[in-house]
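A note on names: the letters A, B, ... follow the listed sequences, proteins ahead of strands, and every chain is numbered from 1. Side chains included, hydrogens not; waters and symmetry mates left out as well; all remaining heavy atoms used.
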Number of protein chains: 2
Amino acid sequence: MGSSRITVREIARLAGVSVATVSRVSNGTGQVSEEMRRRVLDAIEKHGYRPDHLGRALAAGRHGAVGLVFPGLSGPYFAELIQGFESEAVQSGASVHILCTHLRSDSDAQVLEMGRRVDGMVLLGGTVADETVRRLAETIPVVLLAGSGHETAPVVRVDNTAAMTGLTRHLLVEHGLRRLVFVGDPEGSPDVGQRWAGFLAAYRGLGVLPPVGPVRVGMQQPDGVLAAGHLLRGPERPDGIVCANDELALGVLVGALGRGLLVPRDVAITGFDDAPMAALVSPPLTTVRQPVRELAAEAARLVLRAVDGRGAPVEGVVLPTDLVIRASCGCGTDAPATGQPI
Amino acid sequence: MGSSRITVREIARLAGVSVATVSRVSNGTGQVSEEMRRRVLDAIEKHGYRPDHLGRALAAGRHGAVGLVFPGLSGPYFAELIQGFESEAVQSGASVHILCTHLRSDSDAQVLEMGRRVDGMVLLGGTVADETVRRLAETIPVVLLAGSGHETAPVVRVDNTAAMTGLTRHLLVEHGLRRLVFVGDPEGSPDVGQRWAGFLAAYRGLGVLPPVGPVRVGMQQPDGVLAAGHLLRGPERPDGIVCANDELALGVLVGALGRGLLVPRDVAITGFDDAPMAALVSPPLTTVRQPVRELAAEAARLVLRAVDGRGAPVEGVVLPTDLVIRASCGCGTDAPATGQPI
DNA sequence: TTGAAAGCGATACCAT
DNA sequence: ATGGTATCGCTTTCAA
């Protein structure tokens, strides 16, 4: 209880100096004689004084904090993301506010409210309305992560479309598969929308008729198990299942194996992300590697830079992906095992 | 840029009233005539005024924020935890600060620093030194989550020891297994420490000699795959693998299946948490259900209540678990499929 | 009902 | 080098 209540004024009184001097000493700014510095330092030490953050922030006109807004936590993807962001922010001395908009109707208001408590924000693509992003962006620096900016704010992302086109082409061309199905909801997030677009583009590029529509499900492993249950039931099953992320793919794999099917002989399965588990299952998963942590760290760096104000205005960034060919697509063990840029 | 810079004073001037009146109107406190209220509301509306959070917090002596400190994100457990905490906090109008101590040496200092920016904190058990918890607790309300408090702060947890004893007894007694091995690092977190203790207690309770030691690994699915690789190699393999959480168990299952072993015929496998995937794999996982989200929500409620100050001082809480018998332990399909309290 | 003014805790300018 | 004081934006007595 005690140590928290003590202020600059107290220390100044106790050390027999002015508050200005205390401030100078505690911040290391300005010139202070050795004598004074000692007196102040002693008082600070003795009473465990630490300047109050609110007072300091008010005077500085800065919160010393950045915010991260995401739809909800699900799986390794978000975990990586948050860690990447947090790590970078904390390193720069900024504290991290988070907000899950997950299924809350008033989330736009909450996002705006957060905008009043931080110096800058990173929003995951598709979590808040474009209009909200626009309003926010005229107040504080905003960076979009894995979304499509619609000119409202700089975006940090990968080229989902191209990556998915590359993966789908591999299935279509190298393995001659034709009855592919895409698992994931294109409307669920910009990422998935772009991947679905890339999936379709591969078909178009080869002049073959694409499947009617995606299997719209969530993005977690259990969703994949359920989707597999649906897809692999009848005799007319697909010859390849292209999943919007690795978690879904892992779930589909579990579901397929659980039904006694052989992968990739009976059905090929692919993912996206290259999560740690992807390499460890049997058969190991063919997927697309994206630098999730680095994406988040880069977004953090960008807002932090924008908050700092100096330097060129921040611009969006596109980070590279790798096509990771393993065995779940049907490639033999002697096929290239490591990634090639796409 | 524009709308953010406007202050109470501005509004007061524009509406031709005093700042006190503006404050009263914008907070709905005190008595204000309809005439004044209209004038102020108009000005506020017209200029999009929203009171600055720092000024307000400084005057109130409150941050309106709570912090959550965890070691690092890994898997569904932490995701649930964060969401449970965040959801409860935001509902109470508090913003949420997070800090991952993960592998950072100066984390104790950072935890203390966070203590200056929030009104209360929840710390995951085992993330910071007892001494740090103690120092923090004399400044702001602190609640421990899934840890052992050592009298420094109230703890919200489940009875890991009893739950794991129940599960282990089931393996030992019902299935007559004897060569069990525990996978997980008891020193990694208080939770795992308690589960290991419960595992040992089951042996002691039956007077049979427990295995020498745990297989110390991380807590994620890939760690389980690796552990399985180790354990199931030779001819002297265990007849049951008791995992510290479901993720490990899922990994071990994948590893076992990948080696062509049959579960539970060749080896039984159990988990802890009852993650969504646990029910969906083949065979479905025998495990212990713990209310992760509720644990975090309860911790949030406790710290929020403590911050609020009124009411009885907060005390620790132990939430119930359920033993969930499925098939991975060797139980047949006609065995009880749903949980029984332990 | 309304307004003037005193904080909240810290910083920084301006004299000295 | 040091101290006095205005300032940051808001809330809240205290008078009127």
Side-chain angles (χ1 to χ4, degrees), chain A residues 2-41 43-44 47-65 93 113 115-119 139-140, chain B residues 2-41 43-44 47-65 93 113 115-119 139-140:
Chain A
S3 58
S4 171
R5 280 270 154 252
I6 147 166
T7 74
V8 240
R9 258 175 284 272
E10 293 286 287
I11 296 293
R13 195 176 52 75
L14 292 162
V17 303
S18 75
V19 295
T21 300
V22 174
S23 177
R24 281 190 275 259
V25 170
S26 93
N27 292 338
T29 66
Q31 306 286 54
V32 182
S33 72
E34 203 43 47
E35 155 68 3
M36 293 273 124
R37 151 167 280 106
R38 281 257 310 128
R39 288 231 300 273
V40 173
L41 251 20
I44 286 182
H47 300 81
Y49 166 75
R50 296 272 285 136
D52 177 79
H53 185 72
L54 286 176
R56 174 178 286 204
L58 183 58
R62 242 187 215 206
H63 296 82
E113 170 59 26
R116 317 194 55 75
R117 301 160 98 116
V118 297
D119 301 319
T139 305
I140 54 171
Chain B
S3 55
S4 173
R5 280 270 154 252
I6 146 167
T7 75
V8 240
R9 258 175 285 270
E10 292 286 287
I11 296 293
R13 194 175 54 73
L14 291 162
V17 302
S18 74
V19 295
T21 299
V22 174
S23 176
R24 282 191 273 258
V25 171
S26 92
N27 291 339
T29 65
Q31 306 286 53
V32 183
S33 73
E34 201 44 46
E35 156 69 3
M36 292 274 125
R37 152 168 280 107
R38 282 255 311 127
R39 289 228 302 271
V40 173
L41 250 20
I44 286 182
H47 299 81
Y49 166 74
R50 296 272 286 137
D52 177 80
H53 185 72
L54 286 175
R56 175 178 285 203
L58 184 57
R62 242 187 215 206
H63 296 82
E113 171 58 26
R116 315 194 57 76
R117 303 162 95 118
V118 296
D119 300 319
T139 305
I140 54 171

Give me the first and last nucleotide of DNA chain C, going 5' to 3', that has any atom under 4.0 Å from a heavy atom of chain A.
C/dG9 to C/dC13
Over all heavy atoms of both residues, which pair between A/Val19 and A/Ala12 is shortest? Give the atoms and the distance, please.
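For A/Val19 and A/Ala12, the tightest heavy-atom pair comes out as N-CB, 3.7 Å.
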Nearest heavy atoms of A/Ile6 and A/Tyr49, plus distance in Å
O-CD1, 3.5 Å
Within the structure provided, determine whether B/Thr7 and B/Asp52 are in side-chain contact (heavy-atom separation under 4.5 Å).
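Counting from C-beta outward, B/Thr7 and B/Asp52 never come under 4.5 Å.
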Can you check whether A/Leu54 reaches B/Leu54 side chain to side chain, under 4.5 Å on heavy atoms?
yes
If you find the nucleotide of DNA chain D closest to B/Val8 and the one closest to A/Met36, which residue's nucleotide is nearer the 5' end?
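The residue closer to the strand's 5' end, by nearest nucleotide, is A/Met36.
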At a heavy-atom distance below 4.0 Å, what parts of residues 17-26 of chain A sit against DNA chain D?
A/Val17, A/Ser18, A/Val19, A/Ala20, A/Thr21, A/Arg24
Residue pairs fulfilling salt bridge (charged side-chain N to carboxylate O under 4.0 Å, His left out) with at least one residue in residues 6-34 of chain A, sequence neighbours excluded
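Sorted pair list: A/Glu10-A/Arg13.
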Would you list the atom pairs, donor with acceptor, under 3.5 Å between side chains in residues 25-33 of chain A and any protein atom, with sequence neighbours excluded?
unit_1	atom_1	unit_2	atom_2	d
A/Asn27	OD1	A/Arg56	NH2	3.0
A/Ser33	OG	A/Met36	N	3.3

Are the side chain of B/Arg39 and the backbone N or O of B/Gly16 linked by a donor-acceptor pair below 3.5 Å?
yes
Check: B/His63 side chain, B/Arg116 main-chain N or O, donor-acceptor pair, under 3.5 Å
yes
Need two values: the first and the last nucleotide of DNA chain D, 5' to 3', having an atom under 4.0 Å from any heavy-atom of chain B.
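Both ends considered, the range comes out as D/dG9 to D/dT12.
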Per the end-axis method with five pairs at each terminus, what is the bend angle of the helix from C/dT1-D/dA16 to C/dT16-D/dA1, to 10°?
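Between the first-five-pair axis and the last-five-pair axis there is 50°.
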Relative to the 5' end of DNA chain C, which residue comes earlier, B/Arg37 or B/Ala59, by the nucleotide with the nearest heavy atom?
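Taking each residue's closest nucleotide, the earlier one in sequence belongs to B/Arg37.
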What does B/Leu58 touch in the nucleic acid at a heavy-atom separation under 4.0 angstrom: a base, only the sugar-phosphate, or nothing?
base
